[in-house]
Amino acid sequence: MSETPWLAKAKRLQAIASTGLSFCKDEFDRERYEEIAAIANAMLADLADVPVERIRDLVSDFAKGYATPKIDVRAALVENSKILLVREKSDGLWTLPGGFADVGLSASENVVKEVQEEAGIAVSVHQLYSVRHKSSYEPDARDFYKMFFLCRRTGALTLTSGLETSEVSFFDRDRLPPLSRSRSIERDVELAFEFNDGRQTIAVID
């Protein structure tokens, strides 16, 4: 399910209001931006069918600078023609290991940390293979880019779930479990196999 035009417009309005409130000096302008923010949040709440308070809580850096997308990093580890996936406790579905990047770490460092925390495996980053916008995934009030990295294992193969994951396993490309589609979709997995097999060498940007 891709992002609808109305969701994209509401998120854009929210970003404009956030940036405006951060930099405006005039009190009348502030009132206008606050009204735009309230309208945008109400639209997002209606589209997601959740209380407006939940929408406000999702944007932790609202009005704290220029509004920019967050970064979500994901790791693909392919061994013996199978790919590593973790099962999320939050929805019971499977995904490539990863999550929102922490401040102070490079993208590669964040990927290595996420795999260790969610799957108990030490890896190194081999290659960036895809950068995608959140609009290709399940609708979300937040806006972010997703960066996918092909990884190589550097330690023992000891699969251990983490605080946010309940299971860890390798899967055949044609026998994938139900995916957590806000995090990873079949295209992300297929590209990982293409890069691992050498059939694709240039990162896919979309």
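The basis for the numbers below is simple: all heavy atoms, side chains too, and nothing from hydrogens, waters or symmetry mates.
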**Q** Quick one: do L150 and V111 end up in the same hydrophobic cluster if we chain Ile, Leu, Val, Met, Phe, Trp and Tyr together by side-chain heavy atoms under 4.5 Å apart?
**A** no
**Q** Testing the basics here: between D26 and D29, what is the closest heavy-atom pair and its distance to 0.1 Å?
**A** OD2-N, 3.0 Å
**Q** What are the two closest heavy atoms between S161 and E167, and how far apart are they?
**A** CB-N, 4.0 Å
**Q** Please round to the nearest 0.5 Å and tell me the distance separating atom CZ of R187 and atom OG of S130.
**A** 7.5 Å
**Q** Under a single-linkage definition using a 4.5 Å side-chain heavy-atom cutoff for Ile, Leu, Val, Met, Phe, Trp and Tyr, are L128 and V115 assigned to the same hydrophobic cluster?
**A** yes
**Q** Can a donor-acceptor pair be found, under 3.5 Å and without considering hydrogens, that links the side chain of S166 to the backbone of K89?
**A** no
**Q** Under a 4.5 Å cut-off applied to non-hydrogen side-chain atoms, are E117 and L163 in contact?
**A** no
**Q** Is the number of heavy atoms from other residues, nucleotides or ligands within 6.0 Å of CZ (F144) greater than 12?
**A** yes
**Q** How long is the gap from OG on S182 to NZ on K134, to the nearest 0.5 Å?
**A** 5.5 Å
**Q** Hey, are the side chains of L179 and L93 touching, using non-hydrogen atoms and a 4.5 Å cut-off?
**A** no
**Q** Tell me whether D174 at atom CG has more than 12 heavy atoms from other residues, nucleotides or ligands lying less than 6.0 Å away.
**A** yes
**Q** Using a strict cut-off of less than 4.0 Å between a Lys/Arg side-chain nitrogen and an Asp/Glu carboxylate oxygen, indicate whether R173 and D197 qualify as a salt bridge.
**A** yes
**Q** Can you confirm whether more than 12 heavy atoms, excluding those of E190, are under 6.0 Å from its CD atom?
**A** yes
**Q** Indicate the atoms forming the closest heavy-atom contact of L159 with S169, along with that distance.
**A** CD1-CA, 4.2 Å
**Q** Which heavy-atom pair separates A17 from Y33 by the least distance, and what is that distance?
**A** CB-O, 3.5 Å
**Q** For the pair Y129 and F195, name the ring-plane relationship: parallel under 30°, tilted 30 to 60°, perpendicular over 60°.
**A** tilted
**Q** Treating Ile, Leu, Val, Met, Phe, Trp and Tyr as nodes and any side-chain heavy-atom pair under 4.5 angstrom as an edge, say whether L85 and L191 lie in one connected cluster.
**A** yes
**Q** Output the distance between atom CZ (R181) and atom OG (S136), rounded to the nearest 0.5 Å.
**A** 11.0 Å
**Q** Is there a side-chain contact between L105 and V112 in this structure, where contact means two heavy atoms from C-beta onward sitting under 4.5 Å apart?
**A** no
**Q** Work out which heavy atom in Q127 is nearest to a heavy atom in T201; give both atom names and the distance.
**A** NE2-O, 3.0 Å
**Q** Output the distance between atom NZ (K146) and atom CG (D206), rounded to the nearest 0.5 Å.
**A** 12.5 Å
**Q** Say you draw a straight line from CZ of F100 to CD of E114; how long is it, rounded to the nearest 0.5 Å?
**A** 10.5 Å
**Q** Can K113 and D102 be counted as an ion pair, charged N to O under 4.0 angstrom?
**A** yes
**Q** Are the charged groups of R132 and D188 less than 4.0 angstrom apart, N to O?
**A** yes
**Q** Looking at D172 and R175, would you say the former's side chain and the latter's main chain have a donor-acceptor pair under 3.5 Å?
**A** no
**Q** Under 30°, 30 to 60°, or over 60°: which ring-plane class applies to W94 and F171, parallel, tilted or perpendicular?
**A** perpendicular
**Q** Between L96 and F148, is any pair of side-chain heavy atoms under 4.5 Å apart?
**A** yes
**Q** Taking R152 first and then E79, would you say they form a salt bridge - that is, a charged N and a carboxylate O separated by under 4.0 Å?
**A** no
**Q** Under a 4.5 Å side-chain heavy-atom rule over Ile, Leu, Val, Met, Phe, Trp and Tyr, are F149 and L84 clustered together?
**A** yes
**Q** Without swapping roles, check the side chain of R183 against the backbone of T95 for a donor-acceptor pair under 3.5 Å.
**A** no
**Q** Measure the CD-CD distance between E27 and E34 for me, rounded to the nearest 0.5 Å.
**A** 8.0 Å
**Q** Ignoring hydrogens and geometry, is there a side-chain-to-backbone donor-acceptor pair from T165 to E118 under 3.5 Å?
**A** yes
**Q** Please answer: with hydrophobic residues joined when any side-chain heavy atoms are less than 4.5 Å apart, are V189 and I205 in the same cluster?
**A** no
**Q** Got a donor-acceptor contact below 3.5 angstrom from the R30 side chain to the L21 backbone?
**A** yes
**Q** If you take all heavy atoms of L157 and F170, which pair is closest and at what distance?
**A** CD1-CE1, 3.7 Å
